[in-house]
There are 2 protein chains.
Amino acid sequence: MDQAAEAIADPIRRAILRMVRDERLTVGEIAARFPVSRPAISRHLRVLRESGLVRDDLSGRHRYYSLNPDGLAELHQWLSTLMTPAGWEQRLDALTTEVYRTRKDNRETA
Amino acid sequence: MDQAAEAIADPIRRAILRMVRDERLTVGEIAARFPVSRPAISRHLRVLRESGLVRDDLSGRHRYYSLNPDGLAELHQWLSTLMTPAGWEQRLDALTTEVYRTRKDNRETA
DNA sequence: CGGAAGCGTAACCTACGGGTTACGCGTTCA
DNA sequence: TGAACGCGTAACCCGTAGGTTACGCTTCCG
């Protein structure tokens, strides 16, 4: 979780996450949408990858990046428990987790 | 939201957030639990305050810090929309937001 | 009152994050 | 098969985040 919290601190990395939410993109495609060099984007992607927020699939000389919902879920869960006072039952968090877990299963079995 | 995402990047600030989740604490009380100087903690608290994650109540020469759930909710919502694919209905997010908003109203009318 | 307690801020130093260019390796295709 | 493409990494530079000490302003209390 610590690495993920650090990863989303950078505005470029947050923008990348939004980009690869729905479509898988190559490094070049991502870099083309930013005013910084391709190696810089490559390092941002490395940070996101090592923090578990994105995944990469190699295909020939291309490397496709896509969102990894599991990494996001960790952060999401951390924020949930932080927002939840001591006395409050964690029923809602359990519901949220359950729903996302179900979606994940659906993805994997598709 | 951007400021909040930056604020939680630091491990000390994340620990502070967990500390003031249930009880309001003074700067001295917080600083006593870290191996860094009090001015350093004071600046961390300033970052958290300006990012909307904590609130401060002055009482004499003491300054009590407590969690501000509204700030957390923003980040929480951002992660929710990020985890939610394009086709997915946002019913769950709406439910989550509604529940937290209701709790907030209860706090304010108490 | 005057000193101590509690806190914020300024000034300073250092480590590190993020930018760039240069380079090397694997893959494609004319 | 050799040239071009796609990408990762190393080396380097610079700005800034986060640490410290020194200082000043309120607020409490003997």
Side-chain angles (χ1 to χ4, degrees), chain A residues 1-21 23-68 71 75, chain B residues 1-21 23-68 71-72 75 78:
Chain A
M1 210 280 303
D2 296 12
Q3 296 196 359
E6 259 188 58
I8 67 164
D10 189 274
I12 290 188
R13 287 198 287 266
R14 286 198 300 274
I16 292 178
L17 288 177
R18 286 190 297 264
M19 279 184 192
V20 299
R21 187 185 74 131
E23 51 176 352
R24 50 210 284 271
L25 296 172
T26 67
V27 179
E29 289 170 336
I30 297 173
R33 310 188 189 183
F34 289 102
V36 297
S37 66
R38 188 192 50 74
I41 298 296
S42 193
R43 282 216 316 215
H44 280 305
L45 288 167
R46 184 185 185 187
V47 173
L48 290 171
R49 197 188 332 134
E50 293 182 345
S51 63
L53 296 180
V54 302
R55 295 190 317 173
D56 59 325
D57 303 313
L58 282 101
S59 173
R61 56 179 166 176
H62 295 277
R63 184 181 287 236
Y64 289 97
Y65 282 92
S66 54
L67 196 65
N68 180 11
L75 257 182
Chain B
M1 210 281 300
D2 296 12
Q3 295 197 0
E6 262 187 56
I8 67 165
D10 188 274
I12 289 188
R13 288 198 287 268
R14 287 198 301 275
I16 292 178
L17 289 176
R18 287 191 297 265
M19 279 183 193
V20 299
R21 187 184 75 131
E23 51 175 352
R24 50 210 285 271
L25 296 172
T26 67
V27 179
E29 290 171 336
I30 297 173
R33 310 190 189 183
F34 289 101
V36 296
S37 67
R38 188 192 49 74
I41 298 297
S42 193
R43 282 217 315 218
H44 280 304
L45 287 168
R46 184 184 185 186
V47 173
L48 290 171
R49 199 189 329 138
E50 292 180 347
S51 64
L53 296 180
V54 302
R55 295 190 318 174
D56 60 324
D57 304 313
L58 284 102
S59 171
R61 57 179 164 173
H62 295 275
R63 185 181 286 239
Y64 289 96
Y65 282 92
S66 54
L67 197 67
N68 180 10
L72 274 304
L75 258 181
W78 184 79

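Since the model is a prediction, treat every value here as computed from it, not as a measurement. Values below: every heavy atom of this structure, side chains too, minus hydrogens, waters and symmetry copies. We name chains A, B, ... by the order of the sequence lines, and we start the count at 1 in each one.
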Query raised in the report: Would you call A/Glu50 and A/Arg46 a salt bridge, using N to O less than 4.0 angstrom?
Result: yes
Please find the pair of heavy atoms, one from [X] and one from [Y], that lie closest to each other, and give the distance.
X       : Y       : value
A/Glu6  : A/Arg13 : O-NH2, 3.6 Å
B/Val47 : B/Ala7  : CG1-CB, 4.1 Å
B/Gly52 : B/Asn68 : O-ND2, 3.1 Å

Query raised in the report: Does A/Ser37 have a side-chain nitrogen or oxygen under 4.0 Å from the phosphate oxygens OP1 or OP2 of C/dG19?
Result: no
Over how many whole Å does the gap from [X] atom [atom1] to [N] atom [atom2] extend?
X       : N      : atom1 : atom2 : value
A/His44 : C/dG17 : NE2   : P     : 12 Å
A/Asp10 : C/dC16 : CG    : P     : 18 Å
B/Leu58 : D/dC28 : CG    : P     : 11 Å
A/Ile41 : C/dG19 : CD1   : C1'   : 11 Å
A/Asp57 : D/dC7  : CG    : C1'   : 15 Å
B/Glu6  : D/dG15 : CD    : C1'   : 14 Å

**Report entry** B/Tyr65 and B/Arg49, any side-chain heavy atoms less than 4.5 Å apart
**Finding:** yes
List every contact pair, protein side and nucleotides 6-13 of chain C side both N or O, where the distance is under 3.5 Å.
unit_1, atom_1, unit_2, atom_2, d
C/dC7, OP1, B/Val27, N, 3.2
C/dC7, OP2, B/Gly28, N, 2.8
C/dG8, OP1, B/Arg63, NE, 3.1
C/dG8, OP1, B/Tyr65, OH, 2.9
C/dG8, OP2, B/Ser42, OG, 2.7
C/dG8, N7, B/Arg38, NH1, 3.2
C/dG8, O6, B/Arg38, NH2, 3.0

Query - side-chain hydrogen bond (donor to acceptor under 3.5 Å, both in side chains) involving A/Glu23 - partner list, sequence neighbours excluded - result: none
